[in-house]
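Contents: one structure, followed by commentary.
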Protein chains: 2
Amino acid sequence: MRIGELAAAAGISRDTIRFYERVGLLDGRRLPNGYRDFPPETVDWLAYVRTARRLGFTLAEIAVHGSGLRDADDSAAALSALIEDKLRLIDERMADLAELRTDLAARVGADCPLRPDPRSGGVSGSPGAAGWPSRHRRE
Amino acid sequence: MRIGELAAAAGISRDTIRFYERVGLLDGRRLPNGYRDFPPETVDWLAYVRTARRLGFTLAEIAVHGSGLRDADDSAAALSALIEDKLRLIDERMADLAELRTDLAARVGADCPLRPDPRSGGVSGSPGAAGWPSRHRRE
DNA sequence: CTTGACCTTGGAGCGTACTCCACCGTTTAC
DNA sequence: GTAAACGGTGGAGTACGCTCCAAGGTCAAG
């Protein structure tokens, strides 16, 4: 499929697709006339890329994952290892998100206002009262 | 506390703290000599900011949440609404992450992990074409 | 009074991820 | 053949999130 069709199917601009090709996220196969030609699975790959992006993974991280898949494409074991690695990353993100969620949820309905920087009005009994989300360990 | 102490406590550079103040993530209280002065809770707020950032929330999103907290700090109801809003956002992110995870997990141990996930669209069944990423291009 | 750690401001610069544009070639419909 | 729709390239521009100066003020210790 050509770039316009892919763009429509993936809900992404042509420019972005060309950009993704430049940075190695997509392959550069061409038709005899110079037009780009993508296999249909590219739509799925792009969906994956967009989701990963929205979740805070950088294009570089995604590209590494992608090129890892390419380089390992004759070894199912290496591939699985790669994917499991990615899975671990995702699980970490989910754990962090869950932590954030718990912190926030614990405050719903609480009557103690937890302002990050009290500047409006007097500071009403704040000492030690409102700690924000639990501090974030390691990194 | 002054900027250096906050920077050390939060594990963040002074420049970043000043930048955060400029964009409205922190308030601009000053000592008589012009030095910035932060309440201790700022450390927690910054930890929250960093975690949220790493999870893909933009500074603008975080700032909106923060200023909402300030503006609503006399109304527990408004506050709870805000937090519930944030919770919804987090749940969305978690759902996306879970989807990504499932997608990836389905490939571990599969015969051909490169083949796109059948769930996400009809997609060619052509066996030889590993439709996912392709070869690495360097400029 | 000097030194040095700490603070201030402005502004430049950088990496990431697009986004837009001008200009030109190709394909398709009429 | 001509026009519209599509494709290609290179390069500039933008937004975000920092990061790094340079030039200078503040303050406690020696």
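Residue numbers begin at 1 in each chain, while the letters A, B, ... track the order of the sequences. Below, each value reflects all heavy atoms present in this structure, side chains not excepted, and no hydrogens, waters or symmetry copies.
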Whole-Å distance between [N] [atom2] and [X] [atom1]?
X       : N      : atom1 : atom2 : value
B/Glu21 : C/dT8  : CD    : P     : 8 Å
B/Arg18 : D/dT19 : CZ    : C1'   : 11 Å
A/Ile62 : C/dA17 : CD1   : C1'   : 11 Å
B/Arg22 : C/dG11 : CZ    : P     : 11 Å
A/Arg30 : C/dG25 : CZ    : C1'   : 13 Å
B/Arg14 : D/dA22 : CZ    : P     : 17 Å
A/Met1  : D/dG7  : CE    : P     : 11 Å
B/Arg36 : C/dT9  : CZ    : C1'   : 9 Å

Approximate separation, where rounding is to 0.5 Å, of B/Leu25 CG and B/Tyr48 OH: 10.0 Å
Interatomic spacing from CG in B/Leu59 to CZ in B/Phe19 - rounded to 0.5 Å: 6.0 Å
A/Arg53 side chain, from C-beta outward: closest of C/dC20, D/dT19, C/dC18: C/dC18
Closest to the B/Phe19 side chain, choosing from D/dG17, C/dA17, C/dT9: D/dG17
Pair of N/O donor and acceptor under 3.5 Å linking C/dG25 base with A/Tyr35 side chain: yes
Donor-acceptor under 3.5 Å (A/Thr42 side chain, A/Phe38 main chain): no
Look at the side-chain N and O atoms of [X] and state whether any lies under 4.0 Å from the OP1 or OP2 oxygen of [N].
X       : N      : value
A/Thr16 : C/dA17 : no
B/Asn33 : C/dC7  : no
B/Arg50 : D/dC18 : yes

5' precedence on DNA chain C between B/Arg2 and B/Asp15 (nearest-nucleotide basis): B/Arg2
Qualifying residue for side-chain contact (heavy atoms from CB on, under 4.5 Å) with B/Tyr20, from B/Leu46, B/Asp15, B/Ile62: B/Leu46
Lys/Arg N to Asp/Glu carboxylate O, B/Arg30 vs B/Glu21, below 4.0 Å: yes
Upstream residue (5' side of DNA chain D) when A/Glu5 and B/Ala60 are each assigned their closest nucleotide: A/Glu5
